[in-house]
Chemist: 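Right, I'll just put the structure down here and ask away after.
For the numbers below, each heavy atom of this structure counts, side chains included, while hydrogens, waters and symmetry mates do not. Bear in mind the structure is a predicted one, so any value in this text is a computation, not a measurement. Whatever order the structure lists ligands and atoms in, that order sets their numbers, starting from 1.
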Amino acid sequence: MKPSLTLLALLVAGQAGLAGQVLAGVVSLRGDLPIPVTEPAPAPYKYVNDKENIPRNFEQQPPLVPHTNEKYAINLKENGCLECHMKGPEEDEAKSVEMSESHFLDRNGNKLDRPTGTRYFCNQCHVPQADAKPLVENSFQSAALK
Ligand code: HEC
Ligand code: HEC
């Protein structure tokens, strides 16, 4: 029995050493704080609000929102985004681009006269932008789109 116990002990020690090495490179974005400690929330970022469309990075990317979006409610009764992005007889003074056809097709491909349920919560896919430093450095390059 004794030799196999020693082997087990060696194996456990080996695994722990490996895990320790992997974790050694991980640095928490919160700094060296124990988990129960809370920090005051950082000041909110200001969203870009210039209405110029932001180039897309890859095909089928939901375009980024080039304006603030906090004041447009999306709930059971109203959807503020539709006031400008919904096709309709009323003129939209902001001259915003309409949602594409895809937003009016249900999952069976039927054409609806309102945005389909899966596209109702716009900010699930379309997000506003802030001029913020990336939290983690990365070498992302956008696909060359025509
Ligand atoms: C007061 C009118 C108005 C409202 C309300 C509004 N937008 Fe916009 N939106 C614009 C204008 C103007 C533009 C820039 C021109 C364009 O591309 O339509 C724009 C652009 C966009 C674009 C970029 C389109 C592209 O092809 O690059 C997205 C995505 C978008 N809005 C999403 C939203 C979402 C989501 C909401 C609700 C949270 C919203 N908008 C509410 C006026 C509006
Ligand atoms: C499930 C993800 C998703 C949701 C939810 C969604 N969209 Fe989109 N949206 C996309 C994608 C992907 C595209 C680009 C491809 C396309 O046009 O279908 C797009 C394109 C757009 C465009 C640009 C159209 C063009 O011709 O340039 C507008 C404007 C837009 N969406 C507005 C909205 C609004 C307003 C809502 C909420 C009512 C909404 N979207 C909900 C994914 C989504």
Chemist: Restricting to N/O/S, name the atom of His103 that gets closest to atom 8 (Fe) of ligand 2.
Modeler: NE2
Chemist: Is Ser96 reaching over with its side chain to a backbone N or O of Cys84, donor-acceptor style, under 3.5 angstrom?
Modeler: yes
Chemist: Hey, does Glu52 sit under 4.0 Å from ligand 1 if you only count heavy atoms?
Modeler: no
Chemist: Quick one: which of Arg119, Glu59, Arg114 has a heavy atom closest to atom 5 (C) of ligand 2?
Modeler: Arg119
Chemist: Return the closest protein heavy atom for atom 16 (C) of ligand 2 as residue, atom name and distance.
Modeler: Ser100 OG, 3.2 Å
Chemist: Please state which protein non-hydrogen atom is closest to atom 27 (O) of ligand 2 and give its distance, to 0.1 Å?
Modeler: Arg56 NH2, 3.1 Å
Chemist: Please confirm whether Glu101 comes under 4.0 Å of ligand 2, counting heavy atoms of the residue only.
Modeler: no
Chemist: Considering heavy atoms of the protein only, find what lies nearest to atom 18 (O) of ligand 2 and give residue, atom and distance to 0.1 Å.
Modeler: Ser102 OG, 2.6 Å
Chemist: Quick check: does His126 get an N/O under 3.5 Å from an N/O on ligand 1?
Modeler: no
Chemist: Minimum distance, heavy atoms only, to atom 40 (N) of ligand 1: which one of Met86, Met99, His85 is it?
Modeler: His85
Chemist: Indicate, as side chain, backbone, both or neither, the part of Leu82 found under 4.0 angstrom from ligand 2 when only non-hydrogen atoms are considered.
Modeler: side chain
Chemist: Quick check: does Gln60 get an N/O under 3.5 Å from an N/O on ligand 2?
Modeler: no
Chemist: Counting only nitrogen or oxygen atoms and a 3.5 angstrom limit, does Val97 reach ligand 1?
Modeler: yes
Chemist: Contact between ligand 2 and Glu98 is defined here as a heavy atom of the residue under 4.0 Å from a ligand atom; is it met?
Modeler: yes
Chemist: Got a donor-acceptor contact below 3.5 angstrom from the His85 side chain to the Val97 backbone?
Modeler: yes
Chemist: Taking a cutoff of less than 4.0 Å between a non-hydrogen atom of the residue and any ligand atom, is Lys51 in contact with ligand 1?
Modeler: yes
Chemist: Non-hydrogen atoms of Leu64 versus ligand 1: any pair closer than 4.0 Å?
Modeler: yes
Chemist: Mind checking whether Tyr120 has an N or O less than 3.5 Å away from an N or O of ligand 2?
Modeler: no
Chemist: Just going by heavy-atom distances, which of Cys125, Cys122, Pro115 is nearest to atom 35 (C) of ligand 2?
Modeler: Cys122
Chemist: Given Ala73, Pro66, Ser96, Cys84, which one has a non-hydrogen atom that is nearest to atom 4 (C) of ligand 1?
Modeler: Cys84
Chemist: His67 versus ligand 1: do any nitrogen or oxygen atoms come within less than 3.5 Å of each other?
Modeler: yes
Chemist: Do the side chain of Asn108 and the main chain of Asn110 share a donor and acceptor less than 3.5 angstrom apart?
Modeler: no
Chemist: With a 4.0 Å cut-off on heavy atoms, is Asn123 touching ligand 1?
Modeler: no
